[in-house]
2 protein chains.
Amino acid sequence: MVSIKEVAKLAGVSIATVSRYINNPDQVKDATREKVQTAITQTGYAPNTLARNFRRGKSGIIFVVLPSVGDPFFEGVMHGIMQVAEELHYTIFIRETQFNTLTADDYSNMIFSKQADGIILLASVCPFTAPLERPGGNKQQPIIISCESVTPELSHFPSVRIDNIAASKEATEYLISLGHSNIGFIYGSHVSTLTLDRERGFRRAMKEAKMPVADGWVVEGGLNLDGARKATRKLLNHPQRPTAIFCANDEMAMGTLHEIKSAKLRVPEDISVLGFDDIRYAEILDPPLTTVAQPAEEIGERTMHRLCKAIEGRDIGDEVEIVPHKLVVRRSTSPLKKSK
Amino acid sequence: MVSIKEVAKLAGVSIATVSRYINNPDQVKDATREKVQTAITQTGYAPNTLARNFRRGKSGIIFVVLPSVGDPFFEGVMHGIMQVAEELHYTIFIRETQFNTLTADDYSNMIFSKQADGIILLASVCPFTAPLERPGGNKQQPIIISCESVTPELSHFPSVRIDNIAASKEATEYLISLGHSNIGFIYGSHVSTLTLDRERGFRRAMKEAKMPVADGWVVEGGLNLDGARKATRKLLNHPQRPTAIFCANDEMAMGTLHEIKSAKLRVPEDISVLGFDDIRYAEILDPPLTTVAQPAEEIGERTMHRLCKAIEGRDIGDEVEIVPHKLVVRRSTSPLKKSK
DNA sequence: CCTTAAAATGTAAACGTTTACATAAAAAGC
DNA sequence: GCTTTTTATGTAAACGTTTACATTTTAAGG
């Protein structure tokens with residue numbers, strides 16, 4: 001493997017000059033520049049990133065941790081993140097967790113061991129456990145949580161997200177304003193604080209409207225199609241069948257839509273369906289899905305800016321930064337027909 | 001930042017012993033092990049990955065390059081890849097290309113500069129251009145192409161994929177066997193060799209069946225929803241409206257389905273729709289989508305195994321490794337009604 | 001053309017590991 | 001208990017950069 005030394009020798013300069021040519025070209029004279037460039041092309045030299053990062057003490061890398069590639073919701077967030085990353089010269093690496101659940105301590109370790117300069121945790125990434133107390137003192141680490149609501153004991157991680165409880169409550173109130181009172185709710189999973197919050201918002205709205213939530217109206221959808229389909233079947237077979245179903249995300253709403261139609265019922269005439277996220281498929285579903293939109297790109301940008309501040313060593317606090325959500329009404333919801 | 005030196009000092013041993021404790025614990029005596037472990041916990045030491053990788057000359061990292069997180073097709077492939085990665089102790093980093101198109105030379109460079117030990121390129125990653133000839137000699141680099149069909153001049157990269165031409169031809173023949181002769185085709189984009197191949201298969205089938213392909217029956221869908229919707233509208237307004245539309249991937253088929261229904265036409269009664277990939281949404285669409293399934297997980301596994309062989313320095317040739325595809329018939333296609 | 005200031009280049013140390021080799025300690029053989 | 005073998009530990013070099021500092025070259029000022 002050709003190193004900077006050989007380039008230097010061939011160009012007849014010192015290795016320092018070669019290094020400068022690569023990192024601060026304007027510090028080297030035109031004539032030398034040419035000599036060095038020729039030597040580089042001739043040898044096919046490429047700087048060893050491993051050595052460079054080691055020497056610099058930072059990698060310029062930011063991890064984005066997410067449960068699964070192939071989840072349409074993250075697209076927008078990633079857009080925002082990558083835009084800022086480009087601007088600030090960071091490289092983004094996505095780490096898919098899939099099944100294996102890493103703990104907050106694992107992430108903490110990635111920073112300590114210099115694998116990355118910072119980490120962004122996207123929704124439902126792990127059953128969070130508090131990180132190890134390090135003897136070095138727990139000064140702020142460049143780790144930030146995006147989209148996900150966190151449990152209180154982890155509140156010392158900064159985060160950026162919408163107000164899931166409020167958004168969910170509003171959406172439920174919309175359903176109520178349409179005349180619905182029998183409303184089913186499909187949440188994600190118990191490890192997803194985010195969908196738990198959405199459930200909380202749902203329940204709060206129901207309570208304030210003095211509407212009872214029957215046993216079996218709130219079911220787990222596992223955050224995926226199959227889970228949602230099973231959950232929907234349960235709701236359809238419920239003795240008091242809901243006239244509206246609120247799904248904690250759009251992916252699940254897709255499954256719900258399918259099951260309702262498979263049961264020869266119509267959406268929204270027989271049952272209204274409400275989703276969450278406003279993924280790109282929402283508007284082309286049949287019928288187009290009413291859902292809560294998150295400003296995904298904005299979330300990504302803000303997350304990234306805040307994280308970079310932390311990387312620079314500035315204090316970014318541990319507050320939650322709330323961005324606005326928006327209810328997008330399409331055609332999967334309609335006023336309750338009094339066709340009793 | 002606490003380094004191995006401080007641990008050594010605290011434990012009263014040499015840094016070599018600490019290093020050995022971390023990498024080959026069985027080489028150190030029980031008593032020493034304990035001392036070192038205590039020192040590690042006490043100092044909160046974590047090995048500096050940057051230094052370690054630098055010293056070892058390899059990072060243990062494999063890049064998977066893909067156009068967009070949020071594309072449901074890649075899920076299965078990633079599954080396969082990550083499974084093998086775990087087995088072989090590699091870490092997978094996903095790099096999203098989004099808009100910026102990297103050239104094959106950029107990838108080549110990532111290897112030379114030791115950013116990664118190997119690279120997997122997933123479908124439609126870049127408008128490939130041949131890589132720079134390096135003076136070191138172009139001995140095989142650990143770069144492999146997965147899913148994507150490559151242009152001839154790039155055939156020196158090994159790859160793993162289905163036979164897109166054959167698969168597409170078969171699917172078209174299926175449509176023909178149903179009695180269709182007016183068939184529209186929505187391809188992805190001209191930079192995606194993969195969808196170009198699918199178009200080739202389509203045309204070949206039509207030609208063999210002696211069916212003309214009218215001007216305007218083959219349109220670009222941009223590999224996304226919006227593009228496919230526009231393309232579909234063009235097809236619907238065509239003077240000779242197709243009775244079947246074949247989309248080069250399922251994502252586009254989703255858009256097509258939507259547009260057809262928006263135009264108050266029925267699928268499959270008025271128009272049959274055929275997709276490609278068999279993403280997880282295919283079966284819950286309305287109607288469930290007939291499509292060509294790829295053994296995504298298997299592709300991932302094979303790609304990874306072959307890549308790792310290359311990383312170990314073994315010769316893996318530059319052949320295409322073909323895996324079998326399968327037509328999955330659902331309800332978006334039906335025999336042509338002779339209701340003329 | 002000489003002096004001084006500015007710009008360009010060179011020298012050498014440092015970053016935190018791993019590892020070949022040398023040495024010391026422990027175990028085994030008699 | 002002494003020699004030999006095995007096992008455990010220590011010493012020190014090396015990996016390829018970057019960068020503070022020293023030195024040389026060039027430009028500027030008179």
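Just so you know, these numbers use all the heavy atoms, side chains as well, and skip hydrogens, waters and symmetry mates. Order of the sequence lines fixes the chain letters, A, B, ..., with proteins taken first and strands second; residue numbering starts at 1 for each chain.
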- prompt: A:F54 on top of C:dC15's base, within under 5.5 Å and under 30°?
  reply: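 Taking the rule of under 5.5 Å and under 30°, the ring of A:F54 does stack on C:dC15.
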[X] side chain: which of [options] is closest?
| X | options | answer |
| --- | --- | --- |
| A:S3 | D:dG16, C:dT11, D:dT9 | D:dG16 |
| A:S19 | D:dG16, D:dT18, D:dT9 | D:dT18 |
| B:K29 | D:dT9, C:dT11, D:dG10 | D:dT9 |
| B:I15 | D:dT19, C:dT17, C:dT9 | C:dT17 |
| A:N48 | D:dG16, C:dT9, C:dT17 | D:dG16 |
| B:R55 | C:dA13, D:dC15, C:dG10 | D:dC15 |
| B:A16 | C:dT19, D:dT19, D:dT18 | C:dT19 |
| A:T17 | C:dG10, D:dT9, C:dT17 | C:dG10 |

task: May I ask you to evaluate whether A:R20 reaches the phosphate of C:dA8, defined as a side-chain N or O under 4.0 Å from OP1 or OP2?
output: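 So the side chain of A:R20 is outside the cut-off, no N or O lying under 4.0 Å from OP1 or OP2 of C:dA8.
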How many whole angstroms separate atom [atom1] of [X] from atom [atom2] of [N]?
| X | N | atom1 | atom2 | result |
| --- | --- | --- | --- | --- |
| B:R56 | D:dT17 | CZ | P | 20 Å |
| B:K35 | D:dG10 | NZ | P | 7 Å |
| A:Y21 | D:dT19 | OH | P | 18 Å |
| A:F112 | C:dT17 | CZ | P | 14 Å |
| B:D26 | D:dT6 | CG | P | 18 Å |
| A:K5 | C:dA12 | NZ | P | 14 Å |
| A:K9 | D:dG16 | NZ | P | 13 Å |
| A:E6 | D:dC15 | CD | P | 11 Å |

field: 5′-ward residue of the pair B:I4/A:R33 relative to DNA chain C
entry: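 Residue closer to the 5' terminus by nearest nucleotide: A:R33.
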[X] side chain to [Y] main-chain N or O, any donor-acceptor pair under 3.5 Å?
| X | Y | answer |
| --- | --- | --- |
| B:E301 | B:G80 | no |
| A:R306 | A:S159 | yes |
| B:K114 | B:G57 | yes |
| B:S113 | A:A46 | no |

Closest contact, heavy atoms only, A:Y90 versus A:K58: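 Answer, listing the atom of A:Y90 first, then A:K58: OH-NZ, 3.4 Å.
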message: Need one value for B:N23: base, sugar-phosphate or nothing, where a base atom within 4.0 Å counts as base even if backbone is also close, heavy atoms only.
response: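 Sugar-phosphate only.
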